[in-house]
A.B. asks: 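My structure is below; once you've seen it, I'll send some questions.
Every value quoted in this text rests on a predicted model; they were computed, and no experiment measured them.
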Amino acid sequence: MTQVALVPLFVWVAALACWGISLWRGPRPLPRWFVIDRALRYVFVFPLGVLGLWAFIGHVMFPVRAAAAIGWPPSPFQFEVGYANLGIGLASLYAAFTTFYARVAVAIAASCFLGGAGIGHVHDILAYGNLTPGNAGPILVTDFLTPAMALGLLIASVRRPKEKPRSPDSQALEAEIEVARGAMRSYREALDRFVKG
């Protein structure tokens, strides 16, 4: 099996293994947010981060070999694709350990890039019968699987807002407002009786 086929498989195995270890060592009982957060973290570290860096190295430092693995002639565009992969890889490693919003931003960018790459690979298969491992192998699967998992986990991680507990000051203010409303109703009723009577 070639490196082009092994690396995409390896990063997913690494992500699942790290996720499993983190759950094994995690708090008991396992909170839902923890399970999803750790799954997201390792999707960002391995299939997005490490694979992005690997693709950068391949396209920029070994463009002839990378192009041959995909079944394409070498192209100056590989330099640009390589640096796009570098950006996604580094941003993914950053987002893995930061906020939900950083993860959303990186997931959107990576989904556009990887989804487009996947569509390009499918087109190459249908139009030219290109079944080389770098075009029709595991990398094709990860072009769709990785963004789908990242976006799906992000959607699953969104918690429905719970009603915030009210502070004692808020509760006291609401009670005073209700008393004032009652007094206004009584005043209106008394005024109506006075006017009519």
A.B. asks: Could you tell me whether the side chain of Asn135 and the main chain of Asn130 form a donor-acceptor pair under 3.5 Å?
C.D. replies: yes
A.B. asks: Where do Met61 and Pro63 come nearest, in terms of heavy atoms and distance?
C.D. replies: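 Minimum heavy-atom separation between Met61 and Pro63: C-CD, 3.3 Å.
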A.B. asks: Does CH2 in Trp12 sit with more than 12 non-hydrogen atoms of other residues, nucleotides or ligands closer than 6.0 Å?
C.D. replies: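 Counting neighbours around CH2 of Trp12, more than 12 heavy atoms of other residues, nucleotides or ligands fall under 6.0 Å, so yes.
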A.B. asks: If hydrophobic clusters are built by linking Ile, Leu, Val, Met, Phe, Trp and Tyr wherever their side-chain heavy atoms come under 4.5 Å apart, do Val11 and Leu16 end up in the same one?
C.D. replies: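 In one cluster with Val11: Leu16, yes.
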A.B. asks: If hydrophobic clusters are built by linking Ile, Leu, Val, Met, Phe, Trp and Tyr wherever their side-chain heavy atoms come under 4.5 Å apart, do Val158 and Leu154 end up in the same one?
C.D. replies: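 Yes, it is one cluster - the side chains of Val158 and Leu154 are joined through contacts under 4.5 Å.
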A.B. asks: Identify the two heavy atoms, one from Val43 and one from Pro47, that lie closest to each other, and give their separation to 0.1 Å.
C.D. replies: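 Closest approach of Val43 to Pro47, heavy atoms only: O-CD, 3.1 Å.
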A.B. asks: Any non-hydrogen side-chain atom of Thr132 less than 4.5 Å from a side-chain atom of Val4?
C.D. replies: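 Not in contact.
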A.B. asks: For Ser22 and Tyr42, which heavy atoms make the closest approach, and how far apart are they?
C.D. replies: OG-CE1, 3.9 Å
A.B. asks: For the atom pair CD (Gln3) and CG (Leu6), what is the distance rounded to the nearest 0.5 Å?
C.D. replies: 8.0 Å
A.B. asks: Any side-chain heavy atom of Val141 sitting closer than 4.5 Å to one from Pro8?
C.D. replies: no
A.B. asks: Identify whether the distance between the nearest side-chain nitrogen and carboxylate oxygen of Arg185 and Glu178 falls below 4.0 Å.
C.D. replies: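 Salt bridge present between Arg185 and Glu178.
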A.B. asks: Do Thr142 side-chain atoms and Leu145 backbone N/O form a donor-acceptor pair below 3.5 Å?
C.D. replies: no
A.B. asks: Can you tell me how far CG of Leu153 sits from CG of Leu40, rounded to the nearest 0.5 angstrom?
C.D. replies: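 Here the interatomic distance stands at 4.5 Å.
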A.B. asks: Can you list every pair that meets salt bridge (charged side-chain N to carboxylate O under 4.0 Å, His left out) and has a residue in residues 127-156, with sequence neighbours left out?
C.D. replies: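 Every candidate salt bridge (charged side-chain N to carboxylate O under 4.0 Å, His left out) pair involving residues 127-156 fails, so no pair, neighbours aside, qualifies.
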A.B. asks: Output the distance between atom CG (Asp192) and atom NZ (Lys196), rounded to the nearest 0.5 Å.
C.D. replies: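 Asp192 atom CG to Lys196 atom NZ measures 5.5 Å (nearest 0.5 Å).
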A.B. asks: Can you list, pair by pair, the side-chain donor-acceptor contacts under 3.5 Å of residues 26-39, counting residues two or more places apart and other chains?
C.D. replies:
unit_1, atom_1, unit_2, atom_2, d
Arg28, NH1, Leu23, O, 3.0
Arg28, NH2, Leu23, O, 3.2
Arg28, NH2, Trp24, O, 3.2
Arg32, NH1, Ala156, O, 3.1
Arg32, NH2, Ala156, O, 2.9
Asp37, OD1, Arg103, NH1, 2.8
Asp37, OD1, Arg103, NH2, 3.4

A.B. asks: Shortest non-hydrogen contact from Val106 to Ala95?
C.D. replies: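 Distance-wise, the nearest heavy atoms are CG2-CB, 3.9 Å.
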A.B. asks: Looking at Phe113, I want to see if its CZ is surrounded by more than 12 non-hydrogen atoms of other residues, nucleotides or ligands under 6.0 Å.
C.D. replies: yes
A.B. asks: Can you find a pair of side-chain heavy atoms, one from Trp19 and one from Arg41, that are under 4.5 Å apart?
C.D. replies: no
A.B. asks: I need the Leu140 CG to Asp124 CG distance, nearest 0.5 Å.
C.D. replies: 10.5 Å
A.B. asks: Are Ile70 and Leu53 in one and the same hydrophobic cluster, where Ile, Leu, Val, Met, Phe, Trp and Tyr link if side-chain heavy atoms are under 4.5 Å apart?
C.D. replies: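 Each belongs to a different hydrophobic cluster.
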A.B. asks: Can you give me the closest heavy-atom contact between Pro138 and Ala5, atom names plus distance?
C.D. replies: CG-O, 3.5 Å
A.B. asks: Applying ring pair (Phe, Tyr, Trp, His ring centres under 6.0 Å) as the test, list every pair that has at least one member in residues 64-105; sequence neighbours left out.
C.D. replies: Phe56-Tyr83, Trp72-His121, Phe79-Tyr83
A.B. asks: With side-chain contact (heavy atoms from CB on, under 4.5 Å) as the test, would you mind laying out the steps for Val45 and Leu93 before giving the verdict?
C.D. replies: CA-CA 5 Å; Val45 168; Leu93 292 174; 4.3 Å; yes
A.B. asks: Quick one: CZ on Phe44 to CD1 on Ile88, what's the gap to the nearest 0.5 Å?
C.D. replies: 11.0 Å
A.B. asks: CZ/Phe46 to CH2/Trp54 distance, rounded to the nearest 0.5 angstrom?
C.D. replies: 15.5 Å
A.B. asks: Looking at Phe62, is Arg65 sitting on its ring face, NZ or CZ under 6.0 Å from the six-membered ring centre and within 45 degrees of the normal?
C.D. replies: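 The answer is yes; both the distance and angle limits are met.
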A.B. asks: Go through the steps to decide whether Val122 and Phe144 satisfy the test side-chain contact (heavy atoms from CB on, under 4.5 Å), and finish with yes or no.
C.D. replies: CA-CA 11 Å; Val122 168; Phe144 295 111; 4.1 Å; yes
A.B. asks: Side chains of Asn85 and Val60: closer than 4.5 Å at any heavy-atom pair?
C.D. replies: no
A.B. asks: Any side-chain heavy atom of Ile139 within less than 4.5 Å of one from Leu51?
C.D. replies: yes
A.B. asks: Can you see which heavy atom on Ser111 is nearest to which on Pro147, and at what distance?
C.D. replies: OG-CB, 3.2 Å
